[in-house]
Novice: 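Below you'll find the structure I mean.
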Amino acid sequence: MTVHEPMHDSTRDPAHDPAYDLAYDLARDPLDLVSRAFRDRAVRWLGAEGGVRQYLDIGTRVPTEPGLHRVVQEAGPGSRVLHTGGEPLALRYAEALLGGGSAAVTEYAQADARDPEAVVEAAGKVLDLGRPVALLLLARLHFISDEDGAYDLVRRLLEPLAPGSFLVLSHATGDFDRADGVDRADAEPEGAPYEQAAHERWRPAPAARSREEFARFFKGLELVEPGITLAADWRPDPGGPLAAPGRDPVAGYVGVARTL
């Protein structure tokens, strides 16, 4: 399926489907917004400084504005994007919403992130795997435990990619749950609603990892400066509203690394 650039807002629901409204609301969750803001900054860097013109986005979500392919095309005209996902709802609305408007080509394939062979097979039909590819796994790996092979999954996705490819990750952490001696999962909420929502959103992640555990995904790769940081701290845009108000950071780590 070939699609083009979206123009999407919360009032433009092509099927007027309550399930879509719910999914779109979740996509505007504070932590998700911070992760998407990181994604956009990373993609701009990859296109301008890294010379990347191919992107493999694992785990398609309901599209929002600006879409990944819009940012990709601004950073590097002529780039190609393949989104893969196993959620029919997201793919259904991606097809409906990403219609007409530019020559920016984006492809979609239904392939679950836990099936790297299917993902790579789909990627080989759209992208030139002999040239560098940016592999994006955003807010996905904290739903895959060590026992289910999270680290091996990343390795198997990277193996077929050309040297000079990039890995782009965002990941929930529990490192800040007891930063002041209080377990935030049990504590009475306090602070701004944005802050409360931020902690509540990634709290249920079954495989939230520490900074050291997150760093293992980049073993053998060359981290791009500033290395592993909180989502809001990775090459922030001047004046950008990237951090939650209040005392606490948004509890997610990010990083970008180059394959050797």
Side-chain angles (χ1 to χ4, degrees), residues 35 38-47 49-61 68-69 71-72 75-76 79-86 106-173 207 209-229 231 234-235 252-260:
S35 183
F38 156 71
R39 176 204 71 182
D40 293 350
R41 299 194 308 276
V43 165
R44 291 187 187 104
W45 184 91
L46 288 166
E49 304 294 332
V52 176
R53 296 295 182 269
Q54 301 188 106
Y55 297 83
L56 175 54
D57 179 30
I58 308 294
T60 296
R61 287 185 169 182
L68 172 61
H69 49 290
V71 181
V72 162
S79 296
R80 298 185 67 82
V81 181
L82 174 64
H83 297 278
T84 70
T106 301
E107 299 282 344
Y108 281 81
Q110 188 152 358
D112 194 280
R114 290 178 172 83
D115 187 353
E117 285 73 24
V119 170
V120 170
E121 181 181 359
K125 296 176 181 178
V126 176
L127 308 175
D128 180 357
L129 300 186
R131 298 172 53 226
V133 174
L135 171 65
L136 284 68
L137 277 159
L138 301 172
R140 286 292 174 269
L141 291 170
H142 49 241
F143 295 108
I144 304 176
S145 68
D146 294 355
E147 293 74 19
D148 287 336
Y151 295 103
D152 184 60
L153 169 68
V154 173
R155 179 188 60 79
R156 290 160 67 189
L157 287 168
L158 286 174
E159 272 182 348
L161 305 185
S165 292
F166 288 86
L167 176 64
V168 182
L169 300 181
S170 67
H171 198 295
T173 183
R209 293 180 170 89
S210 68
R211 189 183 190 283
E212 291 72 23
E213 291 167 331
F214 178 62
R216 284 181 55 194
F217 288 112
F218 298 105
K219 184 177 180 181
L221 308 181
E222 180 182 45
L223 277 165
V224 171
E225 291 293 335
I228 294 171
T229 71
W234 198 93
R235 297 177 179 265
Y253 288 119
V254 302
V256 177
R258 181 185 288 107
T259 63
L260 304 175

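None of the values given here were measured: they were computed from a predicted structure.
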Novice: Quick check against the 3.5 Å criterion: does S170 have a side-chain atom that pairs as donor or acceptor with the backbone of A139?
Specialist: yes
Novice: With heavy-atom distances below 4.5 Å as the criterion, would you say the side chains of H83 and L68 are in contact?
Specialist: yes
Novice: Starting from the C-alpha separation in whole Å, work towards a yes-or-no answer on side chain to side chain contact (heavy atoms under 4.5 Å, CB included) for L167 and L157.
Specialist: CA-CA 10 Å; L167 176 64; L157 287 168; over 6 Å; no
Novice: Could you tell me if the side chain of T259 sits less than 4.5 Å from the side chain of L161, heavy atoms only?
Specialist: no
Novice: Which heavy atom of S79 sits nearest to which heavy atom of G76, and what is that distance?
Specialist: OG-O, 2.5 Å
Novice: Measure the shortest side-chain to side-chain distance between E225 and R235 over non-hydrogen atoms and say whether it is less than 4.5 angstrom.
Specialist: yes
Novice: Check whether any side-chain heavy atom of L136 sits under 4.5 Å from a side-chain heavy atom of V43, and report yes or no.
Specialist: yes
Novice: Give, for atom CG of L127 and atom NZ of K125, the distance between the pair rounded to the nearest 0.5 Å.
Specialist: 12.5 Å
Novice: Quick test of your reading of the model: are D128 and R80 salt-bridged, counting only N-O distances below 4.0 Å?
Specialist: no
Novice: Could you give the distance from CG (L135) to OG (S165), rounded to the nearest 0.5 Å?
Specialist: 8.5 Å
Novice: Can you find a heavy atom in the side chain of L46 that is under 4.5 Å from one in the side chain of V168?
Specialist: yes
Novice: Can you give me the closest heavy-atom contact between W234 and V256, atom names plus distance?
Specialist: CZ2-CG2, 3.5 Å
Novice: Evaluate the side-chain proximity of V71 to R44: yes if any heavy-atom separation is below 4.5 Å, no if none is.
Specialist: yes
Novice: Just wondering, do L153 and L141 contact through their side chains at under 4.5 Å, heavy atoms?
Specialist: yes
Novice: How close do A109 and A122 get, heavy atom to heavy atom, and via which atoms?
Specialist: CB-CB, 3.8 Å
Novice: If I take atom OH from residue Y253 and atom NE2 from residue H171, how far apart are they, to the nearest 0.5 angstrom?
Specialist: 11.5 Å
Novice: Going from CZ on R211 to OG1 on T229, what distance comes out if it is rounded to the nearest 0.5 angstrom?
Specialist: 8.5 Å
Novice: With sequence neighbours left out, which residue pairs that include part of residues 146-168 fulfil the ring-ring contact (aromatic ring centres under 6.0 Å, His included) condition?
Specialist: W45-F166, Y151-F217
Novice: What's the shortest heavy-atom distance between F218 and A257, and which atoms?
Specialist: CD2-CB, 3.4 Å
Novice: Between E159 and R155, is the closest basic N to carboxylate O distance under 4.0 Å?
Specialist: yes
Novice: Are the side chains of L138 and F38 in touch, meaning some heavy atoms are under 4.5 Å apart?
Specialist: yes
Novice: So, for R114 and P116, which heavy atoms are closest and what is the spacing to 0.1 Å?
Specialist: O-CD, 3.3 Å
Novice: For a side chain to side chain contact (heavy atoms under 4.5 Å, CB included) check, start with the C-alpha distance between R209 and D146, then their side-chain angles and the critical distance, and finish with the verdict.
Specialist: CA-CA 10 Å; R209 293 180 170 89; D146 294 355; 2.8 Å; yes
Novice: Which heavy atom of A123 sits nearest to which heavy atom of L129, and what is that distance?
Specialist: CB-CD2, 4.3 Å
